[in-house]
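All remarks here apply to the structure that follows.
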Amino acid sequence: MNQLHPWPTSVAEAEAVQDRLRGQVELTGPDTFALVAGLDVHYHGDDEVTAAVVVLDAVTLEPVEQVVAHGKAAFPYVPGLFAFRELPALVEALERLTVTPDLLVCDGYGLAHPRGFGLACHLGVLTGLPSVGVGKTPFVGTHEPPGRERGAWTPIVHEGAVVGRALRTRRGVRPVYVSQGHRISLGTATGEVLRLAARYRLPEPIRHADHLARHPS
DNA sequence: GCGACAG
DNA sequence: ATCTTGTCGC
């Protein structure tokens, strides 16, 4: 049993769910994590989805456990309501884990969202786990381009508030867009994403999950 | 008013 | 997200 019911059947209902759960987001939390999980979803055919979760040892970055769950996209694609497509399959995959990760690294946004409640916030609140959102393209707000050195960042400002950071994880590559999901500070979120993305543009856990979702074993 | 808009 | 080859660069 999980916290997904009742499931919204309209845009208005989905927005109401976000507005209700938004108040549960916590913007402070632990600053070190022993097990970090990457989450991603692959789409096939007519709205079929494969969700993948890969848990890594935070120090060695070696995989500890991996799970896939298949299903149907649970909502039409509407910008701002993207999470409702993937949430059921991702939650199912998380429930099949035999270990509990200390941080969820999500493929999408957290606080940097039209209503301040993106996929990373939603997954964090449902599980109670710290979470961070990593976007590959800008979504809401405005920001200056960060310097081109690894680790350079600039704030993302939306409606007068800082909701995330554009972060250069590697010299000369496009930035990634980091925002808080749940139970994490923006500084810790930025530091973890940077640490986990030492070798490639995207954090290692997301790369593992992306690979697993595309090639389920 | 119109277009753009995470994956 | 996905439909899609080769090519340039580190």
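The chains referred to below are lettered A, B, ... by the order of the sequence lines, with proteins before strands, and numbering in each begins at 1. The figures here come from the full heavy-atom set of this structure, side chains too, leaving out hydrogens, waters and symmetry mates.
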Among A/L123, A/D210, A/I206, A/D107, the one residue meeting side chain to side chain contact (heavy atoms under 4.5 Å, CB included) with A/L39
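Result for side chain to side chain contact (heavy atoms under 4.5 Å, CB included) with A/L39: A/L123.
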By ring-ring contact (aromatic ring centres under 6.0 Å, His included) - contacts of A/F84 (at least two apart)
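In terms of ring-ring contact (aromatic ring centres under 6.0 Å, His included), with neighbours along the sequence ignored, A/F84 is linked to A/W7, A/F75, A/H122.
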Just jot down the ring-ring contact (aromatic ring centres under 6.0 Å, His included) partners of A/H44, sequence neighbours excluded, or say none.
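Once residues adjacent in sequence are excluded, the partners of A/H44 under the ring-ring contact (aromatic ring centres under 6.0 Å, His included) criterion are A/H42.
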Against A/F139, only a single residue in A/F82, A/Y109, A/Y177 fulfils ring pair (Phe, Tyr, Trp, His ring centres under 6.0 Å); can you say which?
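The residue from A/F82, A/Y109, A/Y177 that satisfies ring pair (Phe, Tyr, Trp, His ring centres under 6.0 Å) with A/F139 turns out to be A/Y109.
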Under 4.0 Å between any heavy atoms, over every strand shown, what does [X] touch: base, sugar-phosphate, or nothing? Just pick one.
X: A/L90; value: nothing
X: A/R171; value: nothing
X: A/Y177; value: nothing
X: A/G133; value: nothing

Return the [atom1] to [atom2] distance between [X] and [Y], rounded to the nearest 0.5 Å.
X: A/R85; Y: A/L90; atom1: CZ; atom2: CG; result: 12.5 Å
X: A/L56; Y: A/L35; atom1: CG; atom2: CG; result: 9.0 Å
X: A/T188; Y: A/L27; atom1: OG1; atom2: CG; result: 11.5 Å
X: A/T50; Y: A/R214; atom1: OG1; atom2: CZ; result: 11.0 Å
X: A/L61; Y: A/R207; atom1: CG; atom2: CZ; result: 11.5 Å

Just to be sure I understand: a Watson-Crick pair is purine N1 to pyrimidine N3 plus N6-O4 or O6-N4, both under 3.5 Å. Using that and G-U wobbles, which stems of three or more pairs involve DNA chain C?
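Looking at DNA chain C, no stem of three or more consecutive pairs is formed.
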Side-chain heavy atoms under 4.5 Å apart, restricted to Ile/Leu/Val/Met/Phe/Trp/Tyr: what other residues fall into the cluster of A/L186, or is it alone?
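Direct or chained contacts put A/L186 with A/V157, A/V162.
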Using the test salt bridge (Lys or Arg N to Asp or Glu O under 4.0 Å), find all partners of A/R22 that sit at least two apart in sequence or belong to another chain.
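Partners of A/R22 under the salt bridge (Lys or Arg N to Asp or Glu O under 4.0 Å) test: A/D19.
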Under the rule for salt bridge (Lys or Arg N to Asp or Glu O under 4.0 Å), what residues qualify as partners of A/R148, not counting sequence neighbours?
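Salt bridge (Lys or Arg N to Asp or Glu O under 4.0 Å) list for A/R148, sorted by chain: empty.
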Where the side chain of A/R165 meets the backbone of A/A189, is there a donor-acceptor pair that is under 3.5 Å apart?
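Not at all, since once roles are kept as given, no pair shorter than 3.5 Å links the two residues.
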With Watson-Crick and G-U wobble geometry limited to distances under 3.5 Å, how should the secondary structure of DNA chain B be encoded in dot-bracket form, using | for bases paired to another strand and [ ] for crossing pairs?
.......
Strand contacts (DNA chain C) in residues 42-56 of chain A, 4.0 angstrom heavy-atom criterion
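Those residues are A/H42, A/Y43.
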Go through DNA chain B in 5' to 3' direction and return only the first and the last nucleotide with some atom under 4.0 Å of chain A's heavy atoms.
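For DNA chain B, the relevant span reads B/dC5 to B/dG7.
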Does the side chain of [Y] come within less than 4.5 Å of [X]'s, by heavy atoms?
X: A/V193; Y: A/W153; value: no
X: A/R150; Y: A/R168; value: no
X: A/L81; Y: A/Q18; value: yes
X: A/S179; Y: A/I156; value: no

Residues A/E15 and A/R115 bridged, charged N to O under 4.0 Å:
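Yes, charged N to carboxylate O under 4.0 Å.
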Selection: residues 101-116 of chain A, any non-hydrogen atom under 4.0 Å of DNA chain B
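Under 4.0 Å from DNA chain B: A/D107, A/Y109, A/H113.
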Got a sec? Which of residues 118-128 of chain A come in under 4.0 Å of DNA chain B, heavy atoms?
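Heavy-atom contacts with DNA chain B come from A/G118, A/L119.
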Quick one: how far along DNA chain C does chain A reach, first to last nucleotide 5' to 3', anything under 4.0 Å to a heavy atom?
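Span of nucleotides near chain A: C/dA1 to C/dT2.
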Just wondering, more than 12 heavy atoms not from A/R174 lying within 6.0 Å of its CZ?
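Not buried by this count: 12 neighbours or fewer within 6.0 Å.
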Quick check on the hydrophobic clustering: are A/V105 and A/L167 connected, directly or via other members, by side-chain heavy-atom contacts under 4.5 Å?
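Yes: a chain of side-chain contacts under 4.5 Å links A/V105 to A/L167.
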